[in-house]
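Worksheet: the structure to be examined is printed underneath.
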Amino acid sequence: MSFGDAPGKAILFGEHSVVYDRPAIAVPVRQIRASAKIEDIRGAAPGQVRIVAPQTGVDSWLETCDPGHPLARIVLLTLEELRTKDFPSIKIHITSSIPIAAGLGSGAAVSVAITRAICAHFHAELPLERQSVLAFEVEKLHHGTPSGIDNAVVTYDQPVYFVKGREPEPFHIANPFLLLIGDTGVESPTAEAVSLVRRRWQEDPHRLEALFDAIGDTARSGRAAIESGQTFDLGPLMNHNQSLLEAIGVSSAELNWLIQTARGAGALGAKLSGAGLGGNMIALVDHESVERVEIALRRGGARSVLLTEVAP
Ligand code: PMV
């Protein structure tokens, strides 16, 4: 049996504006993971692949799958990359504790987990950079113009400062800090939010470009605060990033409610994380406020609340 996995992720600063070439910061969320297990299938003709993903109702042979299906695509891309043919038939079993369409990087993590399991099964090494490139190809199926931030952070499994088209930059975290991640329970496919922003940008490019610039500034200042250990500065920056995302139109009543609830219970800052319109929000907390904010989020209707530490 061979195994591969990858973590979820949260975006600390810069979602959406990162699609328009501004910087963003993303962090891995290691408590939630996508996993893939591979075993040989005895008695099947060589080179056959059965893909089983019970959570999304998939149980198909690769050759009968639509090659544009994200699971089929990552399997095909990885086999092609490894130039593997005529191998004993395999079954790939995929599970994930990362909620789907919730802004936590589920699609990218599933892709990377599958690539890693296939590499492990065929005793092949694939550099992180290539793993990320293959997952990026699949991200394009989810919404035509991905920035690449999701595949980068889940592959490198460390906080990254990211600018589209460049190598992700891991950076120094002077003081670890705590984030609570609250789920609105509202599914929000990334493609919808991304195309809403595209329409707004086409209607009023000057306004949107200015908002993107301001969001890019929060990512730059956020990085400086994290590198210098001024973690308390992150809260106001997150709040400012949230008001800019609201001005773009990608927040929602449920997100706003959880964000206000977290701030009211003592969070140092809070914002949506990921594409928005639903999905998850994040709140910066310290050791004094963490329990109060967690309880408030649960009472406020969060479907789940996760605590994660951002550390080197
Ligand atoms: O996949 P999500 O929901 O975490 O959104 C990714 C972040 C976006 O900036 C909205 C899109 C992108 O490709 O960067």
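By convention here, the first residue in the shown sequence is residue 1. All ligand and atom numbering here is 1-based and tracks the order in the structure.
- Annotation: Arg30, atom CZ; neighbour count of heavy atoms from other residues, nucleotides and ligands within 6.0 Å is above 12.
- Each of Lys9, Ile11, Glu15, His16, Val18, Val19, Gly103, His143, Pro146, Ser147, Ile149, Asp150, Thr190, Gly274, Ala275 has a non-hydrogen atom positioned under 4.0 Å from some atom of ligand 1.
- Side-chain contact between Phe13 and Leu234 is present, with heavy atoms from C-beta onward closer than 4.5 Å.
- Residues that satisfy the side chain to side chain contact (heavy atoms under 4.5 Å, CB included) test with Glu187, not counting sequence neighbours, are Ala101.
- Comment: Arg22 engages Glu209 in a salt bridge, judged by a side-chain N to carboxylate O separation of less than 4.0 angstrom.
- A cation-pi contact, defined as under 6.0 Å to the ring centre and within 45° of the axis, links Arg223 to Tyr161.
- One finds a salt bridge joining Asp150 and Lys9 here, because a Lys/Arg side-chain nitrogen approaches an Asp/Glu carboxylate oxygen to under 4.0 Å.
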